[in-house]
Structure formats: structure tokens, C-alpha cells
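Atoms within a ligand are numbered from 1 in the order they appear, just like the ligands themselves.
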Amino acid sequence: MPDTSHEGERIFHGIAVSPGVCRGKILVLVDNRVDSIPRHTITDEDVPQQILRLEQAITETRRQLLAVQEKVSTGMGAKDATIFDAHLLVLEDPTLLDEVRLYVEKEKVNIDFAFAKVSEKYAKVLETIDDEYMRERAADVRDVTERLLQNLLGTFQELDLKHLKEPYIIVAHDLAPSRTALLDKKNVLGFVTDVGSKTSHTAIMARSLRIPAVVGLPNASTELRNGQYALLDGYHGHIVVNPTDQTLFEYGQLVRRQVSLEEKLRDTVDKPAVTLDGVRLTLSANIEQATDAEAVKASGAEGVGLFRTEYLFLNSETLPTEEEQYQAYRSAAAALKPAPVIIRTLDLGGDKFMSHLTVPSEMNPFLGWRAIRFCLQEKEIFRAQLRAILRASAEGNIKIMYPMISCLDELIQANALLDTYREELRREGVPFDDKLEVGAMIEIPSAALTADALAKRVQFFSIGTNDLIQYTLAVDRLNEKIAHLYEPTNPSILRLIKMTADAAHAAGIWVGVCGEMAGDPLMIPLLLGLGVDELSVTPQSVTQIKYLIRRVKMSEAREIAAAALQSESGTDILDRSQRLVRSVAPSLFEQ
Ligand code: PEP
Ligand code: MG
């Protein structure tokens, strides 16, 4: 990288994860990961100078913290400002600072490296202690050391992510959801990250914001510079720095073709999702926040198939209360009534963490304390959410579903808690929908394999293919190095989907797909043919998926699915489905 260069124009290639084209200035978010800090050897004579740098950085960090504390205390009150006391204390911790000095003297390394090493060791030790208070201290150490490191490296970005001065293409090594949540969205033109994949949360967030994004673009954050002018192509996964007039012209044409396709699709907005041979499907939309309800209405979707509630938690500086959650769920349900809104309970963990909830770091977060596993242990958090959802169900058509069900016992426990809170509300005389439907996400192979047992305890299934693929194929959904192995059409995935659909229908319940697979036109004949009743996709994909559904015959889809279930090759399956889709809806591919 870069792969091409001429006349100052440079083109970098990555994975296209959110469609669209934008142009503008680059803003690189600084990366403070400890393993990105270079180690240099120094001499004995250099030691005092390095220690002096540390002292200066401490003074500067203290000055900044006091200034932020002052701002917070005026804006939010003294209570919120006390958290900075803990941060200031870290800066005065003699054990930590002495150990850094000793490390420099003994190992003869640059102070930034020594500081990063020692402070990371401190944070890790604190984190492993099974005590909430200690874990919070670990988070304090991380926050302060990040700021201090930036000061040491001279890269401190006094950036108020919430109020960017002008529109930017944001470039970063990785964008944690807690960071994207902070961003001043109206000034974000697009995202570019070094790591990630189509189903990482940066990608999902970008699609929901309707902005182009390219991920898995190695070294973007170190090779691209602040202020460079670039064009980001979220259709093909390129970023073009210093684009020539010719490039700008070609992209202008591409955008025009796209606009004319969107116009063609607009005719479908108010029409039902029915195949050419008359089979009716439900087409819903995925949302991340209550205000997305407007986009859902405009898209022609028949409700919300997945409301990812994590973002309500990530977007807030403290845990959202039952009341705050109630307002959010109620407003989405009221806006879309009588269409259904399926609210997924909190799916924290994996790549979604919150700054205000200190969760110990894990070796395998996607296999760890995540989603329903977290909620079944953190009962107060779960209780507030379930009560909020139940209360909101009085004001619209709400359904609830649990993420990451891996065994029957988890489902039984979750349902028992839901019953307890129903009972609580009844006693309190608070109204809720007595007939509220409950569903389970099928996103772990164990759940698909035991779907017959799960189906007896729920009213619907929603298949989370993003996770189902990663867990079945043992391919980390975020790791761009193995993205080629992440194969939705792998025969194992299609067989698990079929098993789930058959188990659902045998028990008389419906089954949907809410993972990204449902929004990929090439997958549609397969999913329909495997027996899926509902598809839930991002609001901006609704029209093209509906356009396609209206052009295929269920009989053809069933034939393709039957052949796929006999096939040994994911590539053959994809080819066959692609041939069908291209023949019935060629305009979707004219770019
Ligand atoms: C999925 O796993 O397919 C899914 C819809 O959930 P998420 O992407 O939020 O994990
Ligand atoms: Mg999932």
C-alpha cells in the first residue's frame, strides 16, 4: 500500500462496507495503543532528559485535567467532576512513576515506551482483581495514561469529537463503538479504518448513518495525513488521496448512475415484498436508535426487525435509566405503530464496550462475557431494560428478543426473569402488552442445532448471521486478515439456516434473518428458498432488497436452495445465486 500512484494521486484499497462516495479533508484519530509505541535504546546520559520529558508531560496532563474538571463542574455539576480527582491521583501515584523511572534507567529505553509498558501492566493487574472498584481504577489508569502518552508523544489531539469544526473523513486504526458514539455525526463524511470487516460495528454504524466506509485498509491511520484532500468510495472500497480531475469526473458519473438507480427503486417503496409467484415476505429494518424510526418509515420497511439497544448505552455517559430507556423504546414503537418493533436486549461485549461500565478485558471477548450471558448476571441492568421494554409495549407493537442464546437454560432463565418483571408491573398497576411476543436470536451453532427445543419457548426466531458465520467457521468477524474465510454461502451456514427454519415451522413459529446476509442481494434467493419468512436489513437497503424479491420466483429460490444444500462448495452456491440475481435484476449491478 498504496497500490497505485500517479501525479500525486494515491489510491488505497480496503474492504467496502458502507456504500456511497464522499469528498473532503481527512482527520486522523491518534492511536495510543501501547503496542504501537516504538522502542528506542538510549544511553546513560540520555536518562535525565527522558525523565524531564516525563515530568513536563505530567505537568501538562495535570493542567489539561484541571481545565476539563473545571469545565465539567460548571456544565454538569460538582459530582460529575469528581471523577477527575481519581484521574489526578493516578498522576501522583509514586509507585507507578518510580517504576517508570527505574524501567528507563535499567532497560535504557525511551520514556514513552517505558511509561506505556508500566502503566499497561498496572491497568492489567487492577483489571484482573474481582472487584468493581478496582476495575474502575484500571479504567482511570488507562484514561490518564492515554492522555499522558499523547502529551509525551506530542500528539495530543485537543479534539472535541462531539463538535467538529468542519466535515471530515475520519481515519483511525480502529473505531471503538464508544468512540463513534461520541462523534459529531453531522460533520462526519465517512470512515476509514486499518482493521475491521463488513460486520464490525464501525461498518454497521456507517451504514446506519448512511455514510461511506472502508475498513481493513492496512496502515491507513499511519499513511494518511490530517488535512489531506481525499475521495472515499464506499462502493468499491477505495480511498483516493489528491484525486485528479479525471478521477473526480469518473466518480461524478458513478454517483449519477447511483442516483438514477435509486429513482428506479423508489417506485417499490409502497409496494409489498412479494415474489413473482405470489409468496409474501416480511421486510423489516435494523435500527440503532429510536430516531431511526423516521428512516424506517421512509424506506418502506414493515417495522423494525432488530433494534440494537447497545447504542443507547454507548451514547450515554452513564447507564441509561429505566425511564430513559422506556422513552426511547416508546418513541420508536409509537412512531411505527401498528408496525412491529423488535427490541433486542443489550448485546454488550464482543467489540462493544462502554466507557462507564468497566468490564475486565478478556482473551476472547466474542466467546466471553457477552450479551445474554452478561445480562443474566448483571440482573439490575437487565431488570431496568426488561421493565422499560414491557412498559413501552403498552404504546405500540413491541416484541422482544434475546441475543447470543447458546443453550436452552439461558432462554429459560431469561424468560423466567421476564415473567418476574411482568408480575412486578402487574402488582404496580403499570400497563404493558400481555401478549408481547418473545424471540430468540439464533447466532450460535449450538442454538441452531437445538432450535427444536428453543422453538417451544418462543414465538419467533431471528437468525443473526453475522455471528452465526463467525462462530460456525471460527472466523473472527473483525479480523481483516481472515476476511476471505468469512463465507456466508458455506454449505455449513446454509444447513444451519435450513435447520433453524424447519424447527421454527415445525413448532408453528416464524423465522427471520437480521444479520448483514439479509441485506446482500446475492443471498436473497438462498434465504427465501431455505424458508426464511422475514428479512431485516438497514433502512437504505430495504428498497433494493424489495425490488429483487419482487423479481424472483419462490420456485426458483427453492430450487437454488435445494441445490445449495447438496453442494460441497460455497463458491458454486454463490455463483449460481449470483447468476439468478443478475438475470432478474441487472440494474442493481450497473455501477
Ligand atoms: C448478528 O450477529 O447477525 C446480529 C444481527 O447481531 P450483531 O451484528 O449486533 O452482533
Ligand atoms: Mg450478533
Notebook entry, point to check: Quick one: does R344 get a heavy atom under 4.0 Å from ligand 1?
Noted result: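 R344: in contact with ligand 1 (<4.0 Å).
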
Checklist line | Non-hydrogen atom of R370 closer than 4.0 Å to ligand 1 | finding: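 Yes.
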
Check: Is atom NZ of K435 surrounded by more than 12 heavy atoms (other residues, nucleotides or ligands) closer than 6.0 Å?
Finding: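 Atom NZ in K435 is not packed in, count stays at 12 or less.
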
Check: Which atom, among the N/O/S set of E443, is closest to the Mg ion (ligand 2)?
Finding: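 Per the distance ranking, E443 contributes OE1 as its closest N/O/S atom to the Mg ion (ligand 2).
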
Next item on the list: Would you name the N/O/S atom of D467 that lies closest to the Mg ion (ligand 2)?
Entry: OD2

Next item on the list: Taking atom types as modelled, find out whether Q470 and D467 have a side-chain donor-acceptor pair closer than 3.5 angstrom.
Entry: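 Yes, because at least one side-chain N or O of Q470 sits under 3.5 Å from a partner of the opposite role on D467.
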
Margin query: Return the closest protein heavy atom for atom 5 (C) of ligand 1 as residue, atom name and distance.
Written below: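 Result for atom 5 (C) of ligand 1: R308 NH2, 3.5 Å.
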
[Y]/[X] salt bridge by N-O under 4.0 Å criterion:
{"X": "E288", "Y": "R207", "answer": "no"}
{"X": "K498", "Y": "D502", "answer": "yes"}
{"X": "E302", "Y": "R280", "answer": "yes"}
{"X": "K337", "Y": "E395", "answer": "no"}

Part of [X] with heavy atoms under 4.0 Å of ligand 1, whether side chain, backbone, both or neither:
{"X": "L468", "answer": "neither"}
{"X": "Q470", "answer": "neither"}
{"X": "I463", "answer": "neither"}
{"X": "E516", "answer": "neither"}

Note to self: Let's go through E323 and R391 carefully: what are the C-alpha distance in whole Å and the side-chain angles of both, what is the deciding distance for salt bridge (Lys or Arg N to Asp or Glu O under 4.0 Å) to 0.1 Å, and is it a yes or a no?
What the structure shows: CA-CA 10 Å; E323 186 57 28; R391 285 171 54 197; 2.8 Å; yes

Close-contact set for ligand 1 against [X] heavy atoms, below 4.0 Å:
{"X": "L306", "value": "5 (C)"}
{"X": "E443", "value": "1 (C), 2 (O), 4 (C), 6 (O)"}
{"X": "G464", "value": "1 (C), 2 (O), 3 (O)"}
{"X": "D347", "value": "10 (O)"}

Check: Between R210 and A295, what is the shortest heavy-atom contact and its length?
Finding: NH2-CB, 4.2 Å

Notebook entry, point to check: What class does the angle between the rings of W510 and F460 fall in, given that below 30° is parallel, 30 to 60° is tilted and above 60° is perpendicular?
Noted result: parallel

Next item on the list: Let me know which of V171, I239, L232 forms a side-chain contact (heavy atoms from CB on, under 4.5 Å) with V214.
Entry: L232

Item checked: N, O or S atom of D347 closer to the Mg ion (ligand 2) than 2.8 Å -> no

Notebook entry, point to check: For D467, is at least one N or O under 3.5 Å away from an N or O on ligand 1?
Noted result: yes

